[in-house]
There are 2 protein chains.
Amino acid sequence: MASHGARGRSGGRPTLEEVAARAGVGRGTVSRVINGSPRVSDATRAAVEAAVAELGYVPNTAARALAANRTDAIALVVPEPETRFFAEPYFSDMLKGVGSELSETEMQLLLIFAGSDRERQRLAQYLAAHRVDGVLLVSVHADDPLPDLLAQLEIPAVISGPRSAAETLPSVDSDNYGGARQAVEHLLSRGRSRIAHITGRRDVYGAQRRVDGYRAALSGAGHEVDETLIEGGDFTEEGGRRAMAALLERRPDVDAVFAASDVTAAGARQALREAGRRIPDDVALVGYDDSAIARHLDPPLTSVRQPIEEMGRRMIDLLLTEIADRRPLASRGLERRQLVLATELVPRSSS
Amino acid sequence: MASHGARGRSGGRPTLEEVAARAGVGRGTVSRVINGSPRVSDATRAAVEAAVAELGYVPNTAARALAANRTDAIALVVPEPETRFFAEPYFSDMLKGVGSELSETEMQLLLIFAGSDRERQRLAQYLAAHRVDGVLLVSVHADDPLPDLLAQLEIPAVISGPRSAAETLPSVDSDNYGGARQAVEHLLSRGRSRIAHITGRRDVYGAQRRVDGYRAALSGAGHEVDETLIEGGDFTEEGGRRAMAALLERRPDVDAVFAASDVTAAGARQALREAGRRIPDDVALVGYDDSAIARHLDPPLTSVRQPIEEMGRRMIDLLLTEIADRRPLASRGLERRQLVLATELVPRSSS
DNA sequence: AGGTACTGTGGGAGCGCTCCCACCAGTGAT
DNA sequence: ATCACTGGTGGGAGCGCTCCCACAGTACCT
């Protein structure tokens with residue numbers, strides 16, 4: 001029986017010490033080379049690098065994490081009960097951006113689900129254990145305690161979509177306000193004048209901003225905002241259908257609808273069909289997200305695209321900066337810490 | 001200046017040692033309690049647990065990993081260039097299953113992208129460093145070197161979808177053969193007789209199995225399999241369109257199509273529309289995956305649902321078993337190590 | 001000739017655990 | 001009484017790193 005943690009290692013993976021011996025230098029020097037310190041002579045560096053290559057040395061992260069008190073990992077926290085969020089392209093696109101940006105670094109990505117109470121409990125434990133250097137928070141609700149927990153634990157975090165206009169955390173968002181404006185202006189330019197809006201959940205700041213954009217576009221074009229043309233939705237298909245039905249009841253003269261999400265638009269479409277309205281002939285329809293649904297709806301749905309992959313990338317940038325900056329006593333301003341990226345209208349035949 | 005790794009700890013998180021002192025026991029005893037060893041008296045356990053609670057102790061994973069030579073983490077490797085895979089509900093559903101099953105344990109989930117060569121390089125390094133206890137491999141191609149690498153490093157792995165009939169790795173798959181049969185039998189029962197099949201990529205074993213199922217269903221019903229009704233696709237929309245166009249050219253009398261994926265079906269639908277064929281009146285259409293697209297297509301698409309979330313869960317089960325079993329010299333049979341889960345036909349108005 | 005100031009380098013200490021050996025009661029068999 | 005055992009426990013050693021102090025060597029002043 002070998003010494004102690006012997007499992008499965010036939011000869012064992014090489015350690016720093018072995019590399020040092022091989023290169024004829026000290027442990028500290030190898031560590032310096034591995035970590036790219038400039039205070040190493042070229043000759044020494046070359047010798048160490050050769051030894052590393054010969055031995056196939058790979059640093060042991062656990063040891064590094066223990067000694068250096070950092071983990072080289074960040075967590076993406078997914079509030080999963082929102083199945084909507086999870087199944088939408090939003091999620092995978094963001095992941096794509098996050099992944100691609102992260103692959104430029106040595107950082108690893110952990111996926112943590114914080115859906116159930118048990119999972120949130122576990123997450124709290126996990127964060128308390130400082131097992132990640134930073135956290136990416138997506139789709140956080142206004143009353144979520146998580147951001148405060150993170151602040152308290154002094155763990156750097158970036159949020160996608162501020163919780164309110166007074167958000168203190170670094171954030172990356174798309175221009176919900178501008179996107180909504182684009183959508184409505186597009187409908188106006190198509191000669192529509194009685195443009196309704198089916199909102200998202202009002203406790204989501206982004207949904208609120210879309211309402212603001214809707215209003216602004218109308219006002220900007222000299223129209224009065226008619227409150228009877230605004231109906232509350234919740235981002236779901238069923239919600240969209242109900243809202244559209246209510247709208248048709250109240251305002252049978254409606255000639256266009258801007259829905260706060262593609263899924264909502266799909267629901268609205270059903271209600272319109274059932275009421276015998278043709279799209280776009282009788283009522284034009286515009287969605288938001290430019291998801292797969294938009295392309296496959298009949299007729300294909302005009303929608304507002306958010307640069308989600310780009311948002312994922314930027315979130316990582318921001319987070320890595322936060323992590324790096326944690327050393328000098330933080331408290332720097334929010335200068336470049338809250339980003340808003342432009343949206344783009346994708347016209348299709350529904351409008 | 002404090003001792004050494006002093007960053008950010010105001011008083012510092014409690015350590016095992018502190019818990020031991022508080023409970024009036026030795027370090028080893030606390031470790032035993034934390035790890036649920038049975039060789040601890042009830043009184044001692046209670047004392048330790050109290051101390052843990054009072055101090056808010058959370059074990060330091062890095063230290064544990066270093067000492068015990070395990071990581072309590074598994075990786076989900078995503079061959080991301082397959083954007084298809086990534087954006088499809090397949091991915092998020094699987095993730096959901098994986099996450100829910102994992103949340104029963106202390107294991108953490110790492111997401112690793114192995115799209116570009118650089119990423120694969122990094123992955124190899126990562127695995128060589130034994131930074132995970134096990135690996136989940138999804139959507140692996142027949143010629144991927146990854147499984148061999150894993151075998152060589154003796155890292156437990158589970159694959160979703162065997163690479164061939166001779167797969168040696170533990171795997172969890174849905175019943176592609178049976179699912180295809182169901183689809184075709186459904187079409188037969190609807191009175192269709194000239195049923196075409198647009199295949200998936202032939203180098204994907206699951207696609208091959210669907211072809212087999214298609215054939216079997218026809219033969220089983222006493223029909224001869226007409227090779228001119230089988231057309232190669234590649235799981236993409238454009239591929240589906242092309243294949244359908246070719247099919248219509250060659251067999252204008254076709255009265256049903258079984259497509260190897262919903263996306264393929266969406267492409268086929270376009271080609272059918274362009275050719276003026278009505279669905280389902282002239283040609284019935286059945287897809288595979290039961291994705292969001294299926295529900296939102298016009299007309300809604302009959303499709304074969306795979307229990308993907310369940311598959312994710314089972315993969316985790318299998319992997320955890322593999323990890324636990326690694327101790328007794330492996331080499332146990334493949335008895336319960338290759339699972340095939342049942343599919344379900346979801347009829348909609350396209351057939 | 002003796003400072004002073006570097007740049008490079010070696011290696012001790014320590015990160016917080018797990019593992020295991022040693023040891024101390026009890027308990028039952030001899 | 002003596003000799004196994006057994007369940008329960010304490011604590012040394014060590015996992016593979018990073019950090020930092022100490023020190024050699026060289027270069028440039030006084």
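Order of the sequence lines sets the chain letters (A, B, ...), proteins ahead of strands, with each chain counted from 1.
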Presence of donor-acceptor pair under 3.5 Å, side chain of B/Arg45 and base of D/dG8: no
Heavy-atom neighbours of A/Gln121 CD exceed 12 at 6.0 Å: no
Phosphate contact (C/dT18 OP1 or OP2) by B/Asn35 side-chain N/O below 4.0 Å: yes
Distance test, side-chain N/O of B/Ser41 to OP1/OP2 of D/dT9, below 4.0 Å: yes
Value in whole Å for how far the P atom of D/dG16 lies from CZ of B/Arg131: 16 Å
Side chain of B/Val25 (C-beta onward), nearest among C/dT7, D/dG10, D/dC17: D/dG10
From B/Leu136, B/Leu318, B/Leu319, residue fulfilling side chain to side chain contact (heavy atoms under 4.5 Å, CB included) relative to B/Val172: B/Leu318
Between C1' of D/dG8 and CG of B/Asp42, the distance in whole Å: 12 Å
Main-chain N/O of B/Asp72 paired to B/Asp133 side chain as donor or acceptor, under 3.5 Å: yes
Contact under 4.0 Å: B/Ser31 side-chain N or O vs C/dT18 OP1/OP2: yes
Base of C/dG12 paired with side chain of A/Arg27 (donor-acceptor, under 3.5 Å): yes
Nearest-nucleotide comparison on DNA chain C, the residue closer to the 5′ end among A/Gly28 and A/Arg39: A/Arg39
Side chain to side chain contact (heavy atoms under 4.5 Å, CB included) evaluation trace for A/Ile112 with A/Glu119: CA-CA 9 Å; A/Ile112 304 188; A/Glu119 286 172 345; over 6 Å; no
Spacing of A/Arg64 atom CZ relative to D/dC19 atom P, expressed in whole Å: 10 Å
Closest to side chain of A/Ala67, choosing from C/dT18, D/dT18, D/dC15: D/dT18
A/Ala68, nearest nucleotide to its side chain (from D/dT18, C/dC17, D/dC20): D/dT18
Between P of C/dG16 and OH of B/Tyr57, the distance in whole Å: 10 Å
Distance, rounded to the nearest Å, where A/Asn60 contributes CG and D/dC15 contributes P: 11 Å
Side chain to side chain contact (heavy atoms under 4.5 Å, CB included) partner of B/Val77, the single match among B/Leu111, B/Leu146, B/Leu150: B/Leu146
Candidates C/dT9, C/dT18, D/dG10 - which lies nearest the side chain of B/Thr29: D/dG10
Donor/acceptor link under 3.5 angstrom from A/Arg13 side chain onto base of D/dG16: no
B/Glu17 CD - C/dC17 C1' separation (whole Å): 10 Å
Side chain of B/Thr15 (C-beta onward), nearest among C/dG16, C/dG8, D/dC17: C/dG16
Rounded distance (Å) that lies between atom C1' of C/dG14 and atom CG of A/Leu66: 9 Å
